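Accompanying notes for the structure given below.
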Amino acid sequence: MTSHPDGPAGPVADRATAGFTSEYADPPAGVWAAPGRVNLIGEHTDYNDGFVLPFALPQRTVVAAAPERGRRWTVWSEQAGERISFGRADAAEPGRVSGWAAYVAGVVWALREAGHDVPVARLAITSDVPLGAGLSSSAALESAVLTALVDLGELDLPLADRPALAQRAENDYAGVPCGIMDQSASLRCQPGHALFLDCRSLAVEQVPFDLDAAGLAILVIDSNAPHRHAGGEYAARRAACESAAAALGVPALRDVAADQLDATLARLDDKTVRRRVRHVVTENQRVLDTVELLRAGRIAEIGPLLTASHASMRDDFEITVPEVDTAVEVALATGAYGARMTGGGFGGCVLALVDAAAADTVASAVTEAYAGRGFRAPTPFTVTPGAGAQRLR
């Protein structure tokens with residue numbers, strides 16, 4: 001089973017430094033990192049003005065960078081195996097830069113749109129955040145680039161204002177309609193804590209989540225399932241939620257009271273829309289209940305809430321696939337306190353709350369079940385809550 005990397009300045013940062021030196025024949029001025037994230041609970045609640053509870057992964061995207069005297073930003077990506085450059089005109093118009101580099105150009109665009117004098121720079125990017133697994137590799141990239149450019153340019157941009165700017169880069173330049181959770185987690189998380197985020201007010205609370213002290217672990221199982229219609233289905237779920245809120249006369253589904261759910265659902269004619277609303281309202285309550293337990297240090301007791309969240313995503317929001325359902329079922333049967341899919345759905349990862357000593361046993365059982373059902377082998381690894389974006393060197 002894979003474990004997380006060793007230390008914040010480990011091999012990924014070394015590769016970024018070496019890549020920069022190789023590509024540009026100079027050492028970088030600094031090295032910055034931002035993590036992927038796991039959402040402990042609170043799925044599809046963010047764009048409904050609700051509550052989420054992510055924590056930062058130890059896996060990070062790393063940017064080595066230095067100022068450039070020229071007029072074009074140049075970016076090398078180890079994963080893409082290519083170097084691209086773009087000028088001010090490209091960074092002034094969404095769509096001018098595409099592919100992975102759109103997330104870099106989008107950050108430059110969003111900073112400039114906010115009135116900042118963005119330094120022209122050379123960048124080298126490496127990462128060990130899994131791609132396409134629902135662990136927010138795009139937010140990690142944006143957050144690492146943003147942190148590097150803010151530092152290089154000595155820009156006056158408070159930490160609390162950075163997630164919205166990174167989100168704008170993804171929404172308006174790269175064209176991906178994500179909520180603000182991923183960027184908030186990548187930029188604002190702290191080690192040993194989960195980030196309780198109110199997606200309406202953007203208020204945050206660092207909630208203690210010391211798994212080691214409790215003898216527990218979060219086992220993440222990358223299902224390696226191919227994403228199935230994720231883009232269109234995500235948009236359809238979001239549209240259903242927004243139309244339901246309009247029909248109910250509330251600003252967002254966050255405003256539907258959990259204790260009034262049955263009466264509220266009775267006002268909606270469409271059975272599918274009712275299921276979507278039920279998921280969002282009950283999921284918000286599950287986040288609040290999870291936070292209360294974590295504040296009291298009762299980590300193992302959040303297990304049933306995680307499992308209920310998965311059932312809601314499977315039955316009411318209909319965003320799971322056989323691979324993730326199998327991982328949840330087997331993890332629970334092998335002794336997990338709770339398990340759920342994490343991320344937008346239609347593939348991606350499952351997280352299971354397990355005794356630390358049982359992580360390998362649960363991972364092996366899931367891997368065996370996948371083989372028996374003819375699924376592609378999963379990738380299991382354990383994680384502990386890590387740090388948000390930071391300068392490493």
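These figures come from a predicted structure and were not determined experimentally. Only this structure's heavy atoms are used, side chains among them; waters, hydrogens and symmetry mates stay out.
Using cut-offs of 30° and 60° on the angle between ring planes, the pair Phe86 and Trp73 is parallel. Ring-plane geometry between His44 and Tyr234 is classed as tilted, the angle between the planes lying from 30 to 60 degrees on a 0 to 90 degree scale.
A donor-acceptor contact shorter than 3.5 Å is absent between the side chain of Glu233 and the backbone of Gly345. Put simply, the side chain of Glu78 never gets that close to the backbone of Gly19: no donor and acceptor are under 3.5 Å apart. For the pair Ser186 (side chain) and Pro35 (backbone), a donor-acceptor distance under 3.5 Å is present. Judged by distance alone, with hydrogens and angles left aside, the side-chain atoms of His310 form a donor-acceptor pair with the main-chain N or O of Met341 at under 3.5 Å. The main-chain N or O of Gly347 is never found under 3.5 Å from a side-chain atom of Ser223 such that the two would form a donor-acceptor pair. A donor-acceptor contact shorter than 3.5 Å is absent between the side chain of Ser22 and the backbone of Ala18. One N or O on the side chain of Arg237 and one on the backbone of Glu318 form a donor-acceptor pair closer than 3.5 Å. Panel note: side chain Tyr103, backbone Val145; no donor-acceptor pair is recorded below 3.5 Å. Looking only at distances, a side-chain donor or acceptor of Ser243 sits under 3.5 Å from a matching main-chain atom of Ala240. Counting only distance, with no hydrogens or angles, the side chain of Asp172 and the backbone of Ala169 share no donor-acceptor pair below 3.5 Å.
To the nearest 0.5 angstrom, Thr342 atom OG1 is 4.5 Å from Glu43 atom CD. Expressed to the nearest 0.5 Å, how far OG1 of Thr307 lies from OH of Tyr337 amounts to 12.5 Å. Separation of atoms NZ (Lys271) and CG (Leu265) is listed at 13.5 Å; rounding is to 0.5 Å. From Arg238, atom CZ reaches atom CG of Asp46 across 7.5 Å, with rounding to the nearest 0.5 Å. We find the CZ-CG distance between Phe20 and Leu123 to be 7.5 Å, quoted to the nearest 0.5 Å. To the nearest 0.5 Å, atom CZ of residue Arg112 and atom CG of residue Leu149 are 12.0 Å apart.
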Next on the checklist: For Leu288 and Phe196: C-alpha separation, side-chain torsions, deciding distance, then whether side-chain contact (heavy atoms from CB on, under 4.5 Å) applies.
Outcome noted: CA-CA 9 Å; Leu288 297 176; Phe196 178 37; 3.7 Å; yes
Checklist entry - Yes or no on side-chain contact (heavy atoms from CB on, under 4.5 Å) for Trp32 and Gln390, after CA distance, side-chain angles and deciding distance? => result CA-CA 6 Å; Trp32 293 262; Gln390 60 185 312; over 6 Å; no
Next on the checklist: Would Glu23 and Arg122 count as a salt bridge (Lys or Arg N to Asp or Glu O under 4.0 Å) here? Give the steps.
Outcome noted: CA-CA 10 Å; Glu23 286 292 315; Arg122 295 168 291 165; over 6 Å; no
Checklist entry - How far apart are the C-alpha atoms of Arg276 and Leu253, what are their side-chain angles, what is the distance that settles it, and do they pass the side-chain contact (heavy atoms from CB on, under 4.5 Å) test? => result CA-CA 10 Å; Arg276 306 296 186 251; Leu253 293 183; over 6 Å; no
Item to check | Test log, rule side-chain contact (heavy atoms from CB on, under 4.5 Å), inputs Val31 and Arg391 | outcome: CA-CA 6 Å; Val31 179; Arg391 183 168 185 163; over 6 Å; no
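There is no path of hydrophobic side-chain contacts, each under 4.5 Å, that joins Val220 to Leu131. Connection of Phe346 to Met181 is not established within any shared hydrophobic cluster, with ILVMFWY side chains joined at heavy-atom distances below 4.5 Å, either directly or through further cluster members. Leu141 and Leu146 fall within the same hydrophobic cluster, where Ile, Leu, Val, Met, Phe, Trp and Tyr residues are linked whenever their side-chain heavy atoms come under 4.5 Å apart, directly or through other members. Put simply, Ile180 and Tyr173 are part of two different groups of oily side chains (I, L, V, M, F, W, Y) that touch within less than 4.5 Å, one to the next. In this structure, Ile302 is a member of the same hydrophobic cluster as Val383, with clusters built from ILVMFWY side-chain heavy atoms closer than 4.5 Å.
Between Asp270 and Arg275 there is no salt bridge, since no side-chain N of the basic residue sits under 4.0 Å from a carboxylate O of the acidic one. In summary, Arg298 and Glu292 do not engage in a salt bridge, as defined by a charged side-chain N under 4.0 Å from a carboxylate O. Here Arg373 does not pair with Glu323 in a salt bridge; the nearest charged N to carboxylate O distance is not below 4.0 Å. Salt bridge annotation for Arg314-Asp325: absent, with no cationic side-chain nitrogen under 4.0 angstrom from a carboxylate oxygen. Taking the charged nitrogens against the carboxylate oxygens, Arg200 and Asp49 do have a contact shorter than 4.0 Å, which makes a salt bridge. Using a 4.0 Å cut-off between a side-chain N of Lys or Arg and a carboxylate O of Asp or Glu, Arg274 and Asp316 do not qualify as a salt bridge. Salt-bridge check for Glu205 with Arg295: passed, with a basic side-chain N closer than 4.0 Å to an acidic carboxylate O. A salt bridge is absent between Arg72 and Glu68: the closest approach of a Lys/Arg side-chain nitrogen to an acidic carboxylate oxygen does not fall below 4.0 angstrom.
Thr326 places a side-chain heavy atom less than 4.5 Å from the side chain of Phe375. Using a 4.5 Å heavy-atom threshold, the side chains of Arg254 and Phe51 count as touching. In this structure, His116 and Leu157 have side chains that are in contact, with non-hydrogen atoms separated by less than 4.5 Å. At a threshold of 4.5 Å between non-hydrogen side-chain atoms, the residues Ile299 and Leu293 do not count as touching. Taking the side chain as every heavy atom from C-beta outward, Leu294 and Leu53 approach each other to under 4.5 Å. Using a 4.5 Å cut-off on side-chain heavy atoms (C-beta onward), Ser184 and Val204 make no contact. For the pair Ile218 and Thr382, the minimum side-chain heavy-atom distance is 4.5 Å or more. Put simply, the side chain of Pro54 does not reach to within 4.5 Å of the side chain of Val38, judged on heavy atoms.
Side-chain polar atoms of Arg278 and Ser312 form no donor-acceptor pair below 3.5 angstrom. A donor and an acceptor atom, one from each side chain of Gln183 and Glu170, are located under 3.5 Å apart. A donor atom on one side chain and an acceptor atom on the other are not found under 3.5 Å apart for Ser77 and Glu82. Under 3.5 Å, the side chains of Trp109 and Glu93 contain no donor-acceptor pair of N or O atoms. Side-chain atoms of Ser127 and Thr61 form a donor-acceptor pair, as typed in the model, at a separation below 3.5 Å. There is a side-chain donor-acceptor pair under 3.5 Å between Arg286 and Thr282. No side-chain donor-acceptor contact under 3.5 Å links Tyr370 and Asn224. Between the side chains of Asp182 and Ser136, at least one donor N or O lies within less than 3.5 Å of an accepting N or O. Side-chain atoms of Ser309 and Glu283 form a donor-acceptor pair, as typed in the model, at a separation below 3.5 Å.
Among all heavy-atom pairs drawn from Ala300 and Pro304, the shortest one is O-CD, 4.5 Å. The two residues Leu152 and Ala29 have their closest heavy-atom pair at CD2-CB, 4.3 Å. When all heavy atoms of Leu40 and Leu306 are compared, the closest pair comes out as O-CD2, 3.4 Å.
Open room surrounds CG on Asp117; 12 or fewer heavy atoms of other groups in view lie less than 6.0 Å from it. Within 6.0 Å of CD in Glu368 there are 12 or fewer heavy atoms belonging to other residues, nucleotides or ligands.
Each of Val280, Val281, Asn48 was checked for a side-chain contact (heavy atoms from CB on, under 4.5 Å) with Val256, and the lone residue meeting it is Val281.
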